[in-house]
Amino acid sequence: MPVSSRGGYDIWLAFGGNQRGFLLNKDENNNLIYRPGLSPSIVPPLPSGAFTYTSIHPAIEYPLGFEDWTGGAGWDDVDMSSGERNALRVYNYSQGVDLSWGIRGYISPQVQTGGAVTSTNPRKFIWSEEFGLFAINTRFVYEWTGAAWTERLDAGASATLTDLIEYTNIADTYLLVGSASGVYRYSTDGITWTSVDLSASAPAHRASTTAEVVSGTTITPTEPAGATTDDVLLATVNCTSGRTITPTDSGWTSIGAQEDTGNRVAIFWLRRTASAPSYVFTVSGAAGPIVAGVSAYSGAITLGVPIDVSAFTTNVSGTSHTIPSVTTTVANTRLYFLLSVTSAGAPTTITPPGSATERYEADPATNWDQDTEASDQAQAAVGATGTFTATTGGAVTTVTANIAIRAAANAPDRDTIRWAVRGASSGNSVLWSLSSSGDVRNSVNPTLASSWSAADTVQVGQDRNTIAGMLVIDNTFYIFRDTEIVSYNGTTVSTVYSSPTFRLSSNSARPFLWVDGKVYFTYSGVFYAFEQLNNTITRIWPAKAGNAELNGTITAIGGDETNLFFALRNSAGNTYIMKGDPRKGTISLNGIDVYPFHTWAYRGAVDCNALLILPADADSFSTTNPHIVIASGNNGNYIILPRAGLRPEDDANYLFDTTASRPIYGPYVSWGAKAFHKDLNLGAVIGSGMTANLTIAIQYQAAGGTATTLATATAAGRTAGAPTAAVEFTTLRYVALMSTNVNTSAPVLFSLALHATLKPPRRRLWYVEVLVGDNLTLNTGGLDTQGARDLELFLFGADAAGLRMATSEVTVYDLFENTYNAHLLEAQGLGVKRVGDRELMIVGLTLAETR
Amino acid sequence: MARTGAQLLTGFSQFLDDEFASTTTTTGLVTTLVDTALGRWNDRALIGAWLRPTGAANQYAIRRISNFVQSTGTATVLPAFAAVTTTAQAYGLHFYDPELKFRALDQAAIEIVDDVFRVIYDETVTTDGINDEYAIPAAVRRGPAFIYYEVPVPVQPYWNFLANPRGDSLTSWTLAGAGAASVIYTPSTTSDILIPKYGTSCTKISVADSTATTYRQVVADMLNGVTAVLAAGRRMTMGMWVYCRIASRVTIEFRDLNGQVAASAAHGGAGWELLTVSGNVSAANTTTLTAGIAITSGVVLELYWNNAWFFYGDRMPSHFYEDRALTVLRDDTNQRIILPGPIRSKLQLRIPGQAALTQLGTTAATQVTNSVEVDIYSAQLLFARAAEILLGFQMLKSPQLAEVAARIQYVRARREELRTKWAYRMPYSKIRGPYD
């Protein structure tokens with residue numbers, strides 16, 4: 001008994017719940033016409049252009065050449081499937097290899113030691129013909145003095161220096177350093193520094209008045225001299241006990257009232273408007289003695305209740321009287337002390353607390369019970385004030401009060417987080433200061449605190465909002481702060497660009513106005529360009545979001561007339577100095593505009609929070625070459641740039657990094673066919689200047705794998721090597737390692753190449769010839785009972801549900817009892833054989849496996 | 001030893017490598033049969049094969065498998081069975097239609113008659129002394145090449161225990177049967193050229209309608225010292241010439257204490273026939289030894305008997321003289337033998353010939369129990385020819401002539417091989433001299 005799973009048939013075909021067994025035709029040699037095979041290899045799309053062919057057959061070894069890096073860094077992988085030629089012009093990143101020269105790769109320039117800038121990272125460098133090269137960190141100002149950084153200013157351990165600028169007026173040229181407090185410093189020689197204190201202050205006493213009524217029910221003190229809009233007025237009315245004190249003007253608000261033996265004190269506040277209020281206060285009951293006093297304070301908050309906190313108390317008869325403590329909630333309040341004598345007796349002399357300044361004492365000459373004295377003092381700190389003690393000339397009982405008045409806008413120090421110079425006034429250029437709360441002030445004589453204007457009416461920022469910088473373009477300020485860029489023309493603040501995701505880090509780079517008139521700035525680790533002419537934002541780098549290495553925060557931006565540089569501190573804490581020139585236009589890669597930037601220098605775990613390009617100058621690091629000074633942790637170091645028109649190998653002053661095996665990591669590439677495997681055949685490197693010590697090695701690294709060396713070039717020209725074992729991959733990248741043991745010469749990389757052979761997926765393909773007839777002889781014996789008509793309909797027709805084999809997925813149970821899914825590609829009758837009165841049709845079927 | 005139809009179907013299937021028999025493992029449906037043993041085939045492998053239950057429900061019904069699920073061993077059939085398939089039900093699986101197998105076997109039984117056949121000894125023709133031409137009995141399909149005529153066996157030798165064995169006396173014989181009668185028949189003239197066969201008279205027994213009748217002699221009446229005890233454990237044979245024209249009613253038998261020991265084949269109704277029967281008497285026999293005629297009930301019947309023997313042994317002696325001068329005439333309606341001249345009357349002619357093997361028939365219930373005169377060796381010839389015929393059926397239907405022809409060629413070769421080994425051989429008549 002046969003046990004073949006085919007049963008009596010050679011093959012079975014099934015679709016849509018229908019299945020039929022088929023017997024195969026035989027050829028002249030009596031062989032079954034069953035011809036399985038593999039589908040033809042597909043032809044993947046590949047880059048065109050430099051190649052003379054547009055598609056690659058899998059039989060061909062296909063070299064990918066990497067010899068043009070003008071697309072820049074930042075590409076973990078690239079998609080070549082669309083024939084994007086620029087995919088080969090980008091790379092992932094390098095660490096110590098400079099690919100910014102387009103078609104030549106050099107070892108990065110060597111970082112030269114400048115010196116320590118104790119003891120925190122330099123935050124900014126400036127250079128001027130007048131003063132030379134200076135650096136600031138959070139506490140110190142240093143000057144490069146030819147051999148070392150020399151400390152020029154120590155602002156103290158608690159200082160936080162913020163910005164350094166050179167300013168010139170008709171009198172002199174100054175270096176100014178701002179701080180997070182209200183104190184800034186200036187110097188006219190860079191050596192001697194003078195502090196100017198613009199610290200915030202408590203509300204100021206403007207003037208006070210008093211009034212006395214021997215016997216009456218109303219009292220009307222006069223307005224304190226000079227009282228003006230937004231002044232806070234405090235009115236104290238003192239009468240005999242048991243009465244009600246009512247202001248005529250409803251604008252007065254009671255702060256509180258306190259009554260003791262035979263005496264009543266009530267205190268009111270009012271924010272003066274442009275016109276004076278009514279100062280008439282009415283006392284209920286029969287006519288009696290009344291004393292009143294009014295004090296006016298400027299610099300209090302102009303909106304909301306100006307009284308931060310208040311307290312009243314009474315004191316037993318004595319000469320020493322306690323003024324209660326209050327707990328202030330804001331800084332820079334003005335404590336207003338009140339003492340009112342309540343015991344009957346002759347008028348007595350009242351002495352305020354020793355720290356306070358008496359503002360008035362209403363001390364009638366007659367023997368009245370009422371006697372009131374007011375004093376005040378500034379309270380900078382927030383919190384409990386503690387009690388105070390006032391004294392009287394005789395033993396009396398008293399009511400005392402302590403009232404804290406809020407300073408305007410919570411009155412931060414008039415700190416300076418950024419300087420700017422804009423416009424001119426009376427022949428002087430104008431120095432502008434931007435505070436952390438967004439206030440803008442100006443001065444033309446920074447030597448005087450009094451020269452500073454009040455804050456402009458509008459603010460360019462919000463209180464305590466992070467501000468990266470303020471730049472002036474065409475006499476307009478542009479302030480780069482969290483979530484937005486605003487412009488300020490001196491009158492109007494406009495939001496130029498706003499995005500809730502524009503976020504600054506504490507070490508975000510300051511915006512930089514480059515020679516192209518655009519401001520380059522950073523938010524959230526992205527490098528942008530702002531064009532003031534049309535208020536447009538352009539994302540410069542990275543072109544493609546997402547890079548495992550080049551991410552993090554841009555901590556410094558600078559540039560010269562040819563290139564922009566920025567420092568990128570990645571999420572692992574390693575810093576790259578990036579170099580590029582956005583003016584050179586973009587390339588397009590996979591539909592993305594790319595402004596190429598290169599990983600020009602690698603600093604590892606050394607932060608770079610400031611950089612500045614300097615010309616060759618006696619006051620800078622080099623008298624022959626332009627160079628770039630970079631913050632290197634707590635040091636100010638520098639890198640020599642080649643002189644104009646020279647390449648690194650052409651400039652004898654140029655120095656190369658001698659750290660061994662500086663890598664270039666290419667993008668993962670798929671040979672245009674990421675979906676299937678390839679075999680790596682060869683790696684090659686072409687360059688010049690290679691020797692036994694000046695080497696370039698090429699490695700391959702498959703996704704998720706480790707880098708393996710293919711060849712190491714020790715001589716100029718082409719050096720190639722094959723993997724020692726089969727390397728099958730889907731995506732793969734090159735890693736090139738460049739080394740030199742002397743800083744005066746280095747190998748030059750011209751090209752890297754990886755050769756691979758594509759292995760497109762192949763699936764089964766069958767050509768079979770099946771018999772369609774009645775009573776076909778089964779392999780197991782017996783006769784087929786399906787019948788010719790049934791088989792013909794199965795092959796060519798539709799079933800009851802309308803399904804057709806031609807348009808359905810077909811299950812193939814093949815001659816070897818394996819099962820596959822397939823599509824019917826072709827069904828062609830090959831002839832009908834007549835045997836006696838019977839017909840036997842032969843049908844050729846071409847089936848292609850699908851899954 | 002003949003083989004039954006069931007045995008031949010199995011053997012033939014094995015010859016074709018198309019034999020699988022099993023029993024169901026669970027109850028199925030009228031449309032399904034379930035046997036996990038079928039799991040040796042995977043899905044689709046059994047589609048187009050045939051199921052034939054051999055026991056219990058749906059016995060011998062043949063159904064085609066339209067679907068099969070290997071995981072459960074469930075075969076779906078078309079059309080449905082008459083009854084639900086039961087568990088532990090025997091069945092056979094065939095890729096060749098079993099019905100065609102039976103048909104091929106029957107056809108082969110006919111076609112291999114040259115090699116495998118039945119040898120026929122027909123002794124139903126009695127000479128009348130005046131004819132030299134007789135009809136060939138229907139049982140003889142091939143032949144005869146020569147005939148024998150009878151040399152009568154002595155009826156009263158010392159070894160015959162029967163008393164009055166000529167039938168010319170009713171003494172010692174007992175007739176039992178309502179309405180039956182026995183008389184001594186003595187023709188008044190010599191014009192009766194057939195009865196009695198020997199001597200001048202014989203016994204005539206007339207049996208009434210629907211009456212079973214016996215005509216026996218008990219041991220007490222027998223001669224030559226035989227007793228029931230002496231016969232115990234012995235093989236004995238009885239022979240009796242009986243004339244009857246009604247077939248299948250008359251047999252001869254002998255009995256012991258347990259009843260009938262053996263009975264002869266029924267009389268064929270062709271005239272004089274020598275009925276013989278052999279059997280073993282019970283070893284415990286002590287009292288009974290009876291021999292005689294048994295007539296089943298039926299229509300009115302008359303018979304004559306003339307000369308009978310009952311003796312120790314297992315073969316009835318017979319003597320026939322060969323006469324090879326013979327002409328055979330045979331067509332569709334006439335089958336005649338012509339002798340050189342008349343032979344004296346009342347002698348039996350022994351006409352040897354051949355006949356094809358017995359047919360199994362087309363009745364499902366009986367084709368399995370019917371037997372064919374082949375043993376396990378000669379059956380191979382039958383199978384080989386049946387295979388040829390089965391494939392010949394396909395040849396007649398299938399357009400794949402070459403495919404089928406190759407198979408036929410194979411089985412034909414096998415048949416030729418088997419034929420040289422297992423074909424029956426008929427001895428040729430010896431060559432005689434002109435003076436024999």
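To find a chain, count down the sequence lines: A is the first, B the second, and so on, and within it residues start at 1. Heavy-atom basis, side chains included; hydrogens, waters and symmetry copies ignored.
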### Atom CZ of B:Arg330: over 12 foreign heavy atoms under 6.0 Å
yes

### Message
For a 4.5 angstrom cut-off between non-hydrogen side-chain atoms, does A:Leu776 reach B:Pro399?
### Response
yes

#### Entry: More than 12 heavy atoms from other groups under 6.0 Å of CZ on B:Arg64
yes

### Task
Take atom CG of B:Asp332 as the centre, draw a 6.0 Å sphere, and report whether it contains more than 12 heavy atoms from other residues, nucleotides or ligands.
no

### Query
So which part of B:Leu396 gets closer than 4.5 Å to some heavy atom of chain A, the side chain, the backbone, both or neither?
backbone

### Query
Which residues, numbered in order, of residues 15-25 of chain A come under 4.5 angstrom of chain B by heavy-atom distance?
A:Gln19, A:Leu23

### Message
Donor-acceptor check, side chain of B:Gln394 to backbone of A:Thr777, threshold 3.5 angstrom: yes or no?
### Response
no

### Query
Measuring from A:Asn775:CG to B:Phe393:CZ, what's the distance to the nearest 0.5 Å?
13.5 Å

### Query
Under a 4.5 Å heavy-atom cut-off, does chain B meet the side chain of A:Lys833, its backbone, both or neither?
neither

### Residue pair B:Phe95 / A:Asn779, side-chain heavy-atom distance below 4.5 Å
no

### Query
Do other residues, nucleotides or ligands put more than 12 heavy atoms under 6.0 Å from A:Glu728 CD?
yes

## Note on the structure
CG of A:Leu840 to OG of B:Ser398, rounded to nearest 0.5 Å, is 8.0 Å

### B:Arg44 charged N/C atom sitting above A:Tyr813 aromatic ring, 6.0 Å / 45°
yes

### Message
Measuring from atom CD of B:Gln400 to atom CG of A:Asp784, what distance do you get when rounded to the nearest 0.5 angstrom?
### Response
9.0 Å

### Task
Enter the distance from B:Lys397:NZ to A:Leu783:CG here, rounded to the nearest 0.5 Å.
6.0 Å

### Summary
Taken to the nearest 0.5 Å, the spacing of A:Thr785 OG1 from B:Ile47 CD1 works out to 9.5 Å

### Query
Which pairs pass ring pair (Phe, Tyr, Trp, His ring centres under 6.0 Å) with one or both residues in residues 357-387 of chain B, sequence neighbours excluded?
B:Tyr377-B:Trp422

